Amino acid sequence: MSDQMNPAQRAAVRYLDTPLLVLAGAGSGKTRVITQKIAYLIEQCSVEPQHIAAVTFTNKAAREMKARVGKLLGKDKMKGLRVSTFHTMGLNIVRKELKCVGLKSGFSIYDSADSLALIKELMKKTFGDPGNQVEQVQYSISRWKNAFVLPEQAAQEAHDAHSTAAAQIYATYNHHLKTYNAVDFDDLIMLPVILFRENPDKLAAWRERIRYLLVDEYQDTNTTQYELVKQLVGVRNCLTVVGDDDQSIYSWRGANPENLALLKQDFPNLRVIKLEQNYRSTGRILRAANALISNNPHVFEKRLWSELGNGDPLRVIRCKDEEQEAEQVVHELMHHRFRHGNKFKDYAILYRGNHQSRLFERMLRQNNIPYYLSGGTSFFAYTEIKDVMAYLRMVANPDDDNAFVRIINTPRRELGPGTVEKLAGYAHMRGNSLFTSCFEIGLQQHLNQRACEKLNEFANWIVSMAHKAEEEHPIEAVKSLLLNIDYERWLLDTCKDEVIANRKMDNVKELITWLERMHKNDPSASLSDLVNKLTLIDMLKDDDEVGDQVSLMTLHAAKGLEFPHVFLVGMEEELLPHRSSIEEETIEEERRLAYVGITRAQRSLTITMAVTRKRYGEKIDCQPSRFLDELPKDDLEWAGQNVVVDEAKRQENGRSQLAMLRGLLSEG
DNA sequence: TGGGGTGATATTTTT
DNA sequence: TATCACCCCA
């Protein structure tokens, strides 16, 4: 196995003496290092698999890593090995330490839509009209949880109207989650950290369990996640993290790339190994990537090199407008594919924002080119899936008020908003969940008899379903639940179009297939275990066996992937770098984004830009991205429209926007 | 209760 | 310009 590795990789795999930071440039084989190291620990160092934990950020990465370790070792040798996302690891800790984190069994996990609904509700209650601030508040709360800031601290540090209000909601939000016996995504990391802080004995037990920890994409960790890593590692030296500060593109959602530098402080005996040999791209592509990223400040210097030869120059195509851009790209793609006898899946079109995909989609469709669009609506955003999930959550955790409200009148039970409002008022008064309130005698003073009976009937039905799920087969319980409410009938009744209704039912069936598969893998799992696991999985990404299709995705979604031929489109000021990043002076992250885009390409890279582009209906002139100036001229080949780079105008734009922003800030 | 008209609003996205 | 949330009316 080791003969496939270069000296740096081998050193990273075998080094065990102190904590290790592997700075792995794009395409330098970082996943290989992690998988080989796991194999090395098990085979050469006799570490039991169940004492090794590898943490990634996406399910996809976790799955891939597991598969690759399996290939190296065989399935039975890796039994007990923990390869999971941070959130799944957190979930496992929370599940095992239920009481200590203040939860009851069957607790729900709120996804961002659930949490948004709850926050909106609370804001309505607290401030009346929540206006359009709900997302902002949700964002603030999430940022606090990611930065390990508790509600009290958030309230203390709040300096303006918005953060004061947000901090207030933060406290009540947490309180409500608790009464609903629910947690949100961020809590899955935050709660274990709090738990370990307050219970050293528990921490000791988990340290005993996880004796070697490996973290992938370390530059994406947020403060709370790093806290958890530090806790688990303790004074032992059993930590390997792999990351690339140049590929940190998620700081806007709490990732703290500073964590790379912090490692040096927190572990003075840290060893740093750099992987600088790139196995992916040609020399010219790498030279461009290196040149671009050298404009960013670096804590750790590194320079990628490749043995794959110089390759073709990078093409830069200027187009008249965004329509022509799409036309050109698709045109070039078709011809290139024909000339070289390539597959469609050898090509990717990468862009900054999702809205840019539309024109390319249209053009690809027009030319009958199959494409795969990454992103879009998540499986769990479909109403039918949300409905069914709410039923399942309700059965697992009847105190889940969010789920209760969602399903109480779906399908119709003659329990409309008026009734629920009164029930909620009563429940709130008594400090109970909606479900619990359905059984209370006092309710009769607030509602008419008929409504009371209906509520009672519903609550009892939930109880019987919960019973069934526990006593019998959980999947069978789910199936009979759906038959019981005749969900299919309801879909057919509410959709005008039978085709749509059938498609929705297919989605529901797929959900059940998933549950079945998960239950097969883990027969001891309860319904709530299954539902919680499902909430953490993005199913869209999963069954996408990419056929022979052109890939269309954002630069963010492209991280970790590679394609023989890449089109990097919309290389313009205000698009890449994005307008708001220019205003907020976070150009460096935009540069990393461009860097990620360039380094996805293996053999050829084509960059396009439009001279004019429609924005919000009006046609505007575009300037070429400043990043183009930062690429080595000798490696570029220009084509298309001539454009006069109006340097004065570009700077003027930047300045005036900045001035405007400053003006706004000083006023507010 | 649902659909159509109206007005605000406009990154990136995983768990 | 396109979308989406929201409100009002049938």
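In what follows, every chain begins at residue 1, and chains take the letters A, B, ... in the order their sequences are listed. Predicted, not measured: the structure shown is a model, and the values here were computed from it.
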Do the side-chain N or O atoms of A:T554 get closer than 4.0 angstrom to the phosphate oxygens (OP1, OP2) of B:dT13? yes

Can you check whether A:F458 and A:F404 have ring centres sitting under 6.0 Å from each other? yes

Would you say A:K120 reaches C:dC6's phosphate, i.e. side-chain N/O to OP1/OP2 under 4.0 Å? yes

Pick one for B:dT12: is it syn, with its angle within 90° of 0, or anti? anti

Are A:T85 and A:H87 linked by a side-chain donor-acceptor pair shorter than 3.5 Å? no

Among B:dT15, B:dT1, C:dT3, the nucleotide that comes nearest once only the side chain of A:R358 is considered: C:dT3

Reckon A:R412 has a side-chain N or O less than 4.0 Å from the OP1 or OP2 of B:dG2? yes

Quick one: does A:R253 reach the base of B:dT14 with a side-chain donor-acceptor pair under 3.5 Å? yes

Whole-Å distance, A:E589 CD to B:dT13 P, equals 13 Å

NA contact type, A:R592, heavy-atom cut-off 4.0 Å: base, sugar-phosphate, or nothing? nothing

Pick one: which of A:R352, A:R613, A:R615 meets salt bridge (charged side-chain N to carboxylate O under 4.0 Å, His left out) with A:E574? A:R615

So that I can tick it off, tell me whether A:E588 and A:R591 are bridged by a salt bridge, with the cut-off set at under 4.0 angstrom between side-chain N and carboxylate O. no

Whole-Å distance between C:dT1 P and A:E323 CD? 13 Å

Sequence neighbours excluded, which residues qualify as salt bridge (Lys or Arg N to Asp or Glu O under 4.0 Å) partners of A:D245? A:K302

C:dA5 and B:dT12: how far apart are their P atoms, nearest whole angstrom? 15 Å

Assess the side chains of A:N174 and A:K145: does a donor N or O sit below 3.5 Å from an acceptor N or O? yes

Rounded to whole Å, the NZ-P distance (A:K145 to B:dT14) equals 20 Å

Using the 3.5 Å cut-off, write out each protein N or O paired with an N or O of nucleotides 8-11 of chain B and the distance between them.
residue: B:dT9; atom: OP1; partner: A:N132; partner atom: ND2; Å: 2.9
residue: B:dT11; atom: O4'; partner: A:H578; partner atom: NE2; Å: 3.4
residue: B:dT11; atom: O4; partner: A:S580; partner atom: OG; Å: 3.3

So what does A:N409 touch, heavy atoms closer than 4.0 Å: a base, only the sugar-phosphate, or nothing? sugar-phosphate

Just how far, in rounded Å, is P of C:dT3 from NZ of A:K614? 14 Å

Rounded to whole Å, how long is the line connecting atom NZ of A:K559 with atom C1' of B:dT12? 12 Å

Please confirm whether the ring centroid of A:W252 lies under 6.0 Å from the ring centroid of A:H556. yes

